[in-house]
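We name chains A, B, ... by the order of the sequence lines, and we start the count at 1 in each one. Computed from heavy atoms alone, side chains included, the values below leave out hydrogens, waters and symmetry copies.
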Amino acid sequence: MEQNLFVYNTLTRKKEEFKPINPPHVGMYVCGPTVYSDVHLGNCRTYISFDLIFRYLTQIGYKVRYVRNITDAGHLEGDAGDMGEDKISKKAKLAQLEPMEIVQKYTVGFHDVLQIFNTLPPSIEPAATGHIIEQIELIKIMLERGYAYEVDGSVYFDVEKYNTTHDYGVLNGRNLEDLLNNTRTLGGQDQKHGKLDFALWIKAKPEHLMKWPSPWSVGFPGWHLECSAMSHKYLGAQFDIHGGGIDLVPTHHTNEIAQNIACCDKNPARYWIHTNMLTVNGQKMSKSLGNSFLPHELFSGEHSILDRGYSPMTVRFFMLQAHYRSTLDFGNEAMEASDKGFKRLMNAVTLLDTLKASGSTDIDIAPLKQRCYDAMNDDFNSPVLIAELFEATRIINSVHDGKTKIDAANLEILKNIISTFVFDVLGLKNEQAANDDLPKVLNLVVNLRNEAKKNQDYATSDKIRDGLQKIGIQLKDSKEGTNWSKI
RNA sequence: GGCGGGGUAGCCAAGUGGUAAGGCGCGGCUCUGCAAAAGCUGUAUGCGUCGGUUCAAUUCCGACCCUCGCCUCCA
């Protein structure tokens, strides 16, 4: 199906029609996690947002190569006094572990969490430490072309020189004057010629654990270089989409663009897509603010700000109910609303299989289907898509109640909408369909209760209903019989 | 201090130069042994405040207030 997709591009601050360089192929690079600790829920939002984008691009027929890196070389720590030591090796020494042991632990944890949220794996997931050679090669080019300089075994990028011929602030719209006047000067950076210069290669102190040989010193790569190296290697000098959290714009992505242009005269990506933050009481969720929590704490409810736990799909649904470029405020009341809404949607999805087609139809479903595409074509507007799916929910319920008639052709379209958008695009799963034995057991219990009801033994029937309610199963009586669902 | 977002009903959250999607909550009705579920239905004369442009502004412009983010690694 041909779709005119419009995407908001941070580079131009406008929605632009999406035109891939080599259709039907699409190259997409998303900055992945630094694996020195558990990912928190805010991190997850970004990967769920890009999962939606990946799924939709695939749905409308693109062959997407989705590259998402694992940063396992560690970044320099910003804390004064810790300059030159990266986060991964610091944690390793504290915990008496090998750096790669830390990397392994948190990489596995990251994968587990994303799988629980039903995100699709990227096509390639390269690790920074596996691309040291490529990074060294890029540094050589930047030195040759005069955009970098070496000082005592370390190599820095010369921002002011770069800015004489290029616009360093293309992405965040700030000019160099402004940056120079409003950037905090950190201690221990005497080697740099200019205060905006950033490291490409850092000479390692003797006690540093993760280090590699290079033409300049035994050391480790700077903290923006890996993405330039890996995107270039797997997607080419210029590809379609580069993504990440909005907080990467001013520094990481700005420097990444400068590196790529310094190496091969091209902004690496045509469309820069940035996802917004998850907030708690209006404030960004972050580890340093102490308002972050881990996915498993949300599932179990074991956290001081949580009233109770919520299932992974409820959380995913909650996130998709907001647009990816808006901040989303987390709260118990909002989670409760998503939980109810998601279950209502899923109940309708289950009901859809039982619907019978009539000879005639009261409704024309095709426009609804197009509205679903329209929503997603408008910069992946998942909240509007979900609103349309609730329209589908109303139709399903109405047909089920016998108030609306639908013919076979329209029923087929309705089923197609649900499978395409609920499952393939939004990536939701029906969690209550998981257990095989439960329906059989419940069938038996429900039949016993109906017998009691027939005998007007309401004491027994209510005892069964209330007992099931307590363990999280709700019975629903209707003319056709009794259904059940998990609460 | 500089730069950039945002302020939409009790909560979360879309959106638009022509009079406010959706979910939850709340009220009413249908159904029901009762309830729940489900369905139908009602629920912002209003979109931070004050001005301006316009036939028309929540939507554009200006000022102000509040709030958040970035400026140091950060999804």
Taking only side-chain N and O atoms of A/Arg465, does any of them lie within less than 4.0 angstrom of OP1 or OP2 on B/A36?
no

Using a cut-off of less than 4.0 Å, is there contact between a side-chain N or O of A/Asn276 and OP1 or OP2 of B/G5?
no

Do A/Arg394 and A/Glu391 meet the salt-bridge criterion of a basic N to acidic O distance under 4.0 Å?
yes

Side chain of A/Lys403 (C-beta onward), nearest among B/G39, B/A75, B/A21:
B/G39

If you check every side-chain atom of A/Asp477, which of B/A35, B/C40, B/C12 has the closest atom?
B/A35

Phosphate OP1/OP2 of B/G23 contacted by A/Arg394 side-chain N/O (<4.0 Å)
yes

Ignoring the backbone of A/Asp462, work out which of B/A75, B/G33, B/G23 is nearest its side chain.
B/G33

Reading RNA chain B 5' to 3', what string of ( ), [ ], | and . shows its pairs, if Watson-Crick and G-U wobble pairs count only when both distances fall under 3.5 Å?
(((((((..(((.....[...)))((((((.......))))))....(((((..]....))))))))))))....

A/Val384 side-chain proximity, nearest of B/A14, B/G23, B/G4
B/A14

Pull out every protein N or O sitting under 3.5 Å from an N or O of nucleotides 64-70 of chain B, one pair per line with the distance.
residue, atom, partner, partner atom, Å
B/C70, OP1, A/Lys284, NZ, 2.6

Of the nucleotides B/A75, B/C34, B/A37, which has the atom closest to the A/Gln474 side chain?
B/A37

Find out whether A/Leu278 and A/His40 are in side-chain contact, i.e. whether some heavy atom of one side chain is under 4.5 Å from a heavy atom of the other.
no

Which one, B/G22, B/G33, B/A36, comes nearest to the side chain of A/Lys476?
B/A36

Quick one: is B/A14 close enough that its OP1 or OP2 comes under 4.0 Å of any side-chain N or O from A/Ser326?
yes

Taken to the nearest whole Å, CG/A/Asp339 to P/B/G25 is 10 Å

Given B/G5, is OP1 or OP2 found less than 4.0 Å from the side-chain N or O atoms of A/Arg325?
no

Pairs under 3.5 angstrom only: tabulate donor-acceptor contacts from the side chains of residues 291-299 of chain A to other protein residues two or more places apart or in another chain.
residue, atom, partner, partner atom, Å
A/Asn291, OD1, A/Ser286, N, 2.9
A/Asn291, ND2, A/Lys284, O, 3.0
A/Glu297, OE1, A/Leu294, N, 2.8

Candidate nucleotides B/A14, B/A38, B/G33, ranked by approach to the side chain of A/Asp401 - the nearest
B/A38

A/Lys340 NZ to B/G22 C1': how many Å, rounded?
17 Å

Within this structure, what is the CG-to-C1' distance between A/Asn332 and B/G25, rounded to whole angstrom?
15 Å

With sequence neighbours excluded, residues passing side-chain hydrogen bond (donor to acceptor under 3.5 Å, both in side chains) with A/Lys287
A/Ser37

Rounded to whole Å, NZ of A/Lys195 lies from P of B/C71 at a distance of 15 Å

Of the candidate nucleotides B/G23, B/A75, B/A13, which contains the atom at the shortest distance from the side chain of A/Arg45?
B/A75

Output a table of donor-acceptor pairs, distance under 3.5 Å, between side-chain atoms of residues 113-122 of chain A and any protein atom two or more places apart or on a different chain; print 'none' if there are none.
residue, atom, partner, partner atom, Å
A/Asn118, ND2, A/Gly427, O, 2.9
A/Thr119, OG1, A/Leu114, O, 3.0

Which residues pass the side-chain hydrogen bond (donor to acceptor under 3.5 Å, both in side chains) test with A/Arg45, sequence neighbours left out?
none

Between P on B/A35 and CD1 on A/Ile473, what's the gap in Å once rounded to a whole number?
23 Å

